[in-house]
**Student:** 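One structure, as structure tokens, below. Some questions next.
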Amino acid sequence: MSAHLEFVEKNVAYAESFDKGHLPVPPAKKLLIVTCMDARIDCYKSLGLELGEAHIVRNAGGSARDAFRSILISQRLLGTREIAVFHHTNCGMQSFTAPQLRSLVKSDAQSRPDNEKEEIEKTVDGMTFYEFSDLERSVREDVKYLKENLLVLEEAKITGWIYDTANGKVRSYAFWLSRLHLKMFSTWQVKQVV
């Protein structure tokens, strides 16, 4: 049975007790979470969040680069000032390389008409998949990418986390003060030395 066939029935039960229609569009905690699309991750329950408190941006691997369009909109138009990047153990993004995935897609396209096959090959060759082999390094690199990205607001606090799918625990792995705080700290250090 297709999952979509249950949507309306399940939604009726949900809508009967729905009482969150009053929530404002901007998230109450001014928090944006970037995480993986993995179906085992429940950001709200695992972090003690309520509906309306945070933006949750999900993609394969929880890539900050892949999520950047949403990050920019969230910060500039909806007031978020904190970004938490969550990657997780046992992630599928560690199980392949981009050349392997490209080869699989191209192989599947072999039975298509030549013009479609060529378009598929061209498209998949131009894609970046953001796969990784080292979990901790992937978190550090995403936090670094955001920290150094001049389109991210200076006052944004950026943290990196790892979620353990075996036990549901999170641990902080990377923390950066905002560029604004770093500037203030550097000025304070200079004044202290002088």
Side-chain angles (χ1 to χ4, degrees), residues 2-4 7 25-27 31-43 46 54-165 170 173-176 178-179:
S2 295
H4 76 275
F7 289 169
V25 176
L31 169 65
L32 178 139
I33 294 172
V34 178
T35 193
C36 188
M37 65 184 189
D38 191 299
R40 298 170 293 174
I41 300 170
D42 183 339
C43 292
S46 66
H55 284 159
I56 312 291
V57 180
R58 299 181 79 145
N59 61 50
S63 166
R65 286 175 177 83
D66 200 17
F68 194 72
R69 181 183 65 89
S70 297
I71 293 169
L72 187 65
I73 292 167
S74 179
Q75 284 200 322
R76 300 301 173 126
L77 300 179
L78 296 165
T80 55
R81 295 298 180 263
E82 185 173 351
I83 304 169
V85 176
F86 278 84
H87 292 195
H88 67 91
T89 59
N90 196 24
C91 184
M93 295 301 284
Q94 295 176 278
S95 67
F96 71 93
T97 64
Q100 289 171 331
L101 183 54
R102 287 188 183 102
S103 177
L104 176 64
V105 172
K106 290 175 183 179
S107 175
D108 288 347
Q110 291 305 307
S111 62
R112 305 287 283 267
D114 284 346
N115 63 327
E116 290 181 8
K117 185 171 82 169
E118 289 172 14
E119 184 63 29
I120 289 169
E121 290 175 355
K122 179 182 171 186
T123 301
V124 78
D125 281 340
M127 293 179 76
T128 303
F129 295 102
Y130 303 112
E131 75 278 15
F132 54 86
S133 57
D134 184 317
L135 178 61
E136 289 83 7
R137 186 172 66 200
S138 72
V139 174
R140 284 194 310 271
E141 287 175 354
D142 267 4
V143 169
K144 183 176 187 283
Y145 166 77
L146 292 171
K147 179 186 81 110
E148 294 176 351
N149 191 316
L150 296 178
L151 294 178
V152 172
L153 294 174
E154 276 193 319
E155 66 268 25
K157 294 179 197 112
I158 303 165
T159 56
W161 301 81
I162 293 175
Y163 173 80
D164 192 323
T165 56
V170 298
Y173 204 79
F175 174 77
W176 294 101
S178 67
R179 286 194 308 277

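Note that this is a predicted model, so its numbers are computed, not measured. Computation of the quantities below employed the complete heavy-atom set of this structure, encompassing side-chain atoms and omitting hydrogens, waters and symmetry-equivalent molecules.
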**Student:** Report the residue from V85, V34, I83 that forms a side chain to side chain contact (heavy atoms under 4.5 Å, CB included) with D142.
**Tutor:** V85

**Student:** Is any side-chain heavy atom of K106 closer than 4.5 Å to a side-chain heavy atom of D125?
**Tutor:**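 Yes, at least one pair of side-chain atoms sits under 4.5 Å.
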
**Student:** So, E131 side chain and A98 main chain: donor-acceptor pair closer than 3.5 Å or not?
**Tutor:** yes

**Student:** For the residue pair E121 and Q110, what are the closest heavy atoms and their distance?
**Tutor:**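 Taking E121 first and Q110 second, the nearest heavy atoms are OE2-NE2, 3.8 Å.
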
**Student:** Decide yes or no for N59 and M37: does some side-chain heavy atom of the first lie under 4.5 Å from some side-chain heavy atom of the second?
**Tutor:**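 The answer is no, as the side chains (C-beta and beyond) never meet within the 4.5 Å cut-off.
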
**Student:** In a table with atom names and distances, give each donor-acceptor pair under 3.5 Å that connects a side chain of residues 62-71 to protein atoms at least two apart or in another chain.
**Tutor:**
| unit_1 | atom_1 | unit_2 | atom_2 | d |
| --- | --- | --- | --- | --- |
| S63 | OG | R65 | N | 3.3 |
| S63 | OG | D66 | N | 3.1 |

**Student:** Drop me the distance from Q94's CD to S138's OG, to the nearest 0.5 angstrom.
**Tutor:** 7.0 Å

**Student:** Would you give the length of the straight line joining atom NE2 of H87 to atom CG of D134, rounded to the nearest 0.5 angstrom?
**Tutor:** 11.5 Å

**Student:** Would a 4.5 Å heavy-atom cut-off, applied to side chains only, mark D114 and K117 as touching?
**Tutor:**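 Sidechains of K117 and D114: in contact.
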
**Student:** Distance from K157 atom NZ to T80 atom OG1, nearest 0.5 Å?
**Tutor:** 12.0 Å

**Student:** Between F86 and W161, how do the two ring planes meet: parallel, tilted or perpendicular, split at 30° and 60°?
**Tutor:** parallel

**Student:** Could you tell me which residues satisfy side chain to side chain donor-acceptor pair (under 3.5 Å) with T165, sequence neighbours excluded, listed by chain and number?
**Tutor:**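 Here the qualifying residues are T89.
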
**Student:** How far does CD1 of I33 sit from CD of E82, to the nearest 0.5 angstrom?
**Tutor:** 9.0 Å

**Student:** Using 4.0 Å as the upper bound for N to carboxylate O, is an ion pair formed by K144 and E148?
**Tutor:** yes

**Student:** If I compare all heavy atoms of G79 with all of R81, which pair ends up nearest, and what's the gap?
**Tutor:** C-NH1, 3.3 Å

**Student:** How close do G61 and C36 get, counting heavy atoms only, and between which atoms?
**Tutor:** N-SG, 3.3 Å

**Student:** Mind checking side chain to side chain donor-acceptor pair (under 3.5 Å) for D38 and listing every partner two or more places apart, or none if nothing turns up?
**Tutor:** R40

**Student:** Please tell me if the side chains of Y163 and I41 come closer than 4.5 Å, counting only heavy atoms from C-beta onward.
**Tutor:**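 Side-chain contact under 4.5 Å: yes.
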
**Student:** Mind listing the closest non-hydrogen atom pair of R76 and L151 along with its distance?
**Tutor:**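 Taking R76 first and L151 second, the nearest heavy atoms are NH2-O, 2.8 Å.
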
**Student:** If I take atom CG from residue D164 and atom CG from residue N90, how far apart are they, to the nearest 0.5 angstrom?
**Tutor:**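 The CG atom of N90 is 9.5 Å from CG of D164, to the nearest 0.5 Å.
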
**Student:** Taking the side chain as everything from C-beta on, heavy atoms only, tell me whether F132 gets closer than 4.5 Å to R137.
**Tutor:** no

**Student:** Could you go step by step and tell me if E136 and R140 meet the salt bridge (Lys or Arg N to Asp or Glu O under 4.0 Å) rule?
**Tutor:** CA-CA 6 Å; E136 289 83 7; R140 284 194 310 271; over 6 Å; no

**Student:** Identify the heavy atoms of L78 and P27 that sit nearest to each other, and give their distance.
**Tutor:** O-CD, 3.7 Å

**Student:** To check you understand the geometry: which heavy-atom pair defines the closest contact between H55 and S74, and what is its length?
**Tutor:**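 Nearest pair, atom of H55 first, then S74: ND1-OG, 2.7 Å.
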
**Student:** Would you check if the side chain of S103 reaches a backbone N or O of P99 as a donor-acceptor pair within less than 3.5 Å?
**Tutor:**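 Side chain of S103 to backbone of P99: no pair is present.
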
